[in-house]
Each structure stands twice: as structure tokens, then as C-alpha cells.
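A short write-up of the structure that comes next.
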Amino acid sequence: MTARQGDVLVLFGITGDLAKKMIIPALYRLVGRGELTVPVIGVALTDWDDDRLRAHMADCVRAAVDEVDESALQRLQGSTRLVAGNYTDPAVFTRLADAITAEAGPTAFAVHYLAVPPSLFGTVADGLAGVGLHTRSRLVVEKPFGRDLDSARALQALLAKHYPEDRIFRVDHFLGKEPVEDLLVLRFANTLLEPLWSRQWIDRFEITMAEDFDVADRGSFYDAVGTVRDVVQNHLLQVMAYLLMDAPLSDAADDQRDAKFRLLRAVRRLDAGAVVRGRYDGYLKTPGVAPDSTTETFVAATFHVDDWRWAGVPVHLRAGKALPDTLLDIVAVLRPPPRALFSGGLGSMRPDRIRLRLQPRAGITITLLAKQPGRGDVPTEIPLSVDFREVLGPVHAPYERIFGDALAGDPAHFARMDTIEQAWRIVEPILDPATPPAPYAGGSWGPEAAERLPGPEGWVPLPPTAAATPSATPPLRTAAEGAAQEGALAR
Ligand code: BG6
């Protein structure tokens, strides 16, 4: 069945931070490319009017974009209007229904995007149902989806009162990142990698998501969340699923999501005793952070996938704030050849590696051994490297794809409930520990105990990005600077 195209986009939380930094700039770019042609209705608890909202949209766009296309901005402003009021007031939804009818007709199909705290998801769904809007709309909800398995199921029950699964789109903006989706293309459009992609040739994986900025002004949000809930349960487990899953039956959304579900179902629950949790020095002084906080800003863990393909292949993962660089890398370390034929044996050499850099600039580097010029068969490492942007050009920012897909009704890049449940199951043993995490200095790679997680040789060194500061303890960037860099790079 083909999903219904949205006739109008309703943005709950249009005056909020996410809308300001990510959503409004994304809508502007979509309008600029002619990919957003439907009216936009913003909903928010505010005393603004349409003109004030439109001025705010211009500010958001100018803050995010260097050379603003004034005509695209005017088109976006001209197609946007505001419905102001409290989501607990049924009158807001009556006004919203009237606005939808006025903008797009009485039978319009709406896409309701909830950029509001999850505690309001149920209230908004009830409000929409109260005026009958739930029968002709889909609901798009931001992360986090729950705080654990039980709360995720409770939240789902609130939404499922009014919406079937195929009309609930759960945002995980990593699923909107082209380099993440490219994992599927790299693996399944080629025959080069896939024959290697199993326990027969892969020794281990190392996944690093590093950010060189601290939590800055997000203290109260972050302290209630921590690294595991912020990026591991959602973004990184989705990435891991793309990296390790079997080929989907087809490129269709549910075939892809079935394959991801099967992979996640095979991932063992984490062993709390084998996980390294860290907290950068100074975190407790962040406004909004509790003085007795036990929240982690860094985590390193080893995942085990108990299926036929991956049994015995560890997947080491580390993620954190206030690290030396901002990047997302996956390294596949291959098994050594069965015998050491050449001078020096294998002992002195590292095995072949395939490194996929997902951000900030996506690319692939394969480290091979070739003969050192001169006497004897002495192998030496050479990198084969491609920067995808140099070859293919820039990618679209995740939120542009998320809105395009939400309007078109394509669920492929949204998280299905069964994968969210599996992800909560996997991380559940390491949620909310009572003891404080180990300290680490800002600008380091986390607590010492994390260094040796993959084995005595530690993690495969990652080449620094262009933005990385060379000194051992670089000045930390703020979260806003970090986000600005990411936004700029996505363009
Ligand atoms: C968000 C987290 O979901 O993802 C942030 O809340 C994190 O803490 C961000 O910095 C990373 O996303 P991106 O797209 O900037 O890599």
C-alpha cells in the first residue's frame, strides 16, 4: 500500500530549540530545492503572532546559513502560520483543525511533527484525537522514546490508542544521515566487502563516536540522560544494526527494518561489570547538573552478537563528550593470514583494517600491506583512501531527509517499535548505576580503563579530523560550536 502524501506539515514546538537549530533551517533548504511545497502550521505555547514567528524563522535561517536565498526564505515564511496555545487546552486543537482546513482543505492529510518533550506526546495525541484529526494524519515523534523498556512501552501505549504503527514515525536523526544509510549500499551493492563480513575474516569491530565539546548549556537535559541513553541506545545501536545485519529481502522499509530487528535480537544484554563509564572533569559544575550526579559523559562497552555470522566477534564501542575530536568511525580489524611468509613475521605488523568514517566527512580507508621497496619481502602498511565528498559532493543534512520522508510517508529512516524495544533490552543492565563514573580529563580518550577494552594494544588509532586540535589537552568547544560545525559540514 502506498502511504499517503502529507498535505500540510504541523510543527509542535516551533518556537523551541530543536526547531531553531535544526528544523527551521532544514525546512528552508527543502523549500529552496522545491521539495517542500505544502503549508506549515506551527503550534506552540507563546504570545507570538504570525509575523513574530516569521521574523524568528528568518533569524534561525540566517544563523544557520551563510548566503541566504531570500526568495526561498520568503516562500517558507509565506507558507507558515501559527496556532498558539497550551497543548492541554482542547480549544488549541479546534483552532488547529480550522487552520488545517483553511490551508489545505477539509480532507487534508496532516503530518504532525512533535518537537516537544516526550511527556507531552500522549497529550498531543489525545488532543488530535479529540477533534478527529488522528484519522487523517501521521505522528512524527522525536527521541528519546522512553527511558527504559517499560517507559517506552507505556509511551507506545499512549500513542497506539489513536495511531497504528504504520502512522507513527519515531525520529532517530542518525537514520537520516546519508553515510549511515550508505553502510547498506557499501555492503550490499558491492561484492568486495560482504564476503569478508563474517567471523571467518573479521577479528573485531571498533566503533567510536567522539565529540570534542562538553554538555555546555544542556546540563539539565543531559544529566537526566547520560551517554547511554543519549547516543548509544538509539543512534549507535541503529548504526551497529546496519553494520552487521544480514541483507534485507529488498530495499523496502519493512524488509530493512526486519533485518535490523533480527540483528538486534541477537545482541546480548550488556554486562554491567565489563562496561567502562566515565565523566569528564568539571562536569559537576555544569549548570543544571545535580551535585551528587552519577551520570556518565563517556561509555565504552563490548557487544556480542549471538548469531551464526558473528559468534565470537566482539564489537567494541566507545562514545563520549569532551574527547579529543568529533567523529564517528567504524574500524573492522581483519584476521591475520594463517602463516607468516615474509620477513619479520606477523608479530610486528598490524592486520589489515577497513575504516569507515561516517562523520564529519564520510569516507573509507583500507589499510593494506605492500612490499617495502628494497631488498627482501618486507611488508609495509599503505592506506587506500577515498573521501566521499570529494568524489560525490556534499550530502543533505539529516533533518532535510527526515521531513521529506515524513511528508512522503516513507518509514525506512525511522525507528520501528520492535527495534527500540530490543535496544532498551540490550542497554538495560547499564542504566542508572548508583556509583559515580570514573573521571577523565577533557580532551583525553576517556578513563584509563577504557584504553585497553579491545585488548592489550588498545584501540586502533584514528586519524584526526581537520578540526581536531593537535595539543594533548585541547580547549573544549561548546556544544553550540560543535553543532554549528556539524551543520556546516552537512551542507
Ligand atoms: C543528539 C544528542 O541526539 O545527537 C547529542 O542528544 C549529540 O548529545 C548529537 O551531540 C549528535 O548528533 P550529530 O548529528 O551532531 O552527530
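Since the model is a prediction, treat every value here as computed from it, not as a measurement. Both ligands and their constituent atoms are indexed starting at 1 by order of listing. Sequential numbering from 1 along the given sequence is applied to the chain's residues.
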> Quick one: are the ring centres of W197 and F205 less than 6.0 Å apart?
Replying inline: yes
>> Please list, in number order, the atoms of ligand 1 under 4.0 Å from a heavy atom of H173.
In response: 1 (C), 3 (O), 4 (O), 12 (O), 13 (P), 14 (O)
> For atom 5 (C) of ligand 1, which candidate among E211, R218, M209 holds the nearest heavy atom?
Replying inline: R218
> Between Y113 and F169, is the ring centre distance below 6.0 Å?
Replying inline: no
> Between D329 and T208, do the side chains contain an N or O donor and an N or O acceptor separated by less than 3.5 Å?
Replying inline: no
>> Under a 4.0 angstrom heavy-atom cut-off, which atoms of ligand 1 come close to H235?
In response: 1 (C), 3 (O), 4 (O)
> Which ligand 1 atoms, with their elements, are less than 4.0 angstrom from a heavy-atom of D230?
Replying inline: 2 (C), 5 (C), 6 (O), 8 (O)
>> Show the atoms of ligand 1 that are less than 4.0 angstrom away from any heavy atom in Q359.
In response: 16 (O)
> How would you list, by chain and number, every residue that makes a ring pair (Phe, Tyr, Trp, His ring centres under 6.0 Å) with H134, sequence neighbours excluded?
Replying inline: H162
> Which of the atoms of ligand 1 are close to K321, meaning less than 4.0 Å from one of its heavy atoms?
Replying inline: 5 (C), 7 (C), 8 (O), 10 (O)
>> Check this for me - ligand 1, K177, N or O atoms closer than 3.5 angstrom, yes or no?
In response: yes
>> Checking Y283 now: which residues fulfil ring pair (Phe, Tyr, Trp, His ring centres under 6.0 Å) with it, not counting sequence neighbours?
In response: Y280
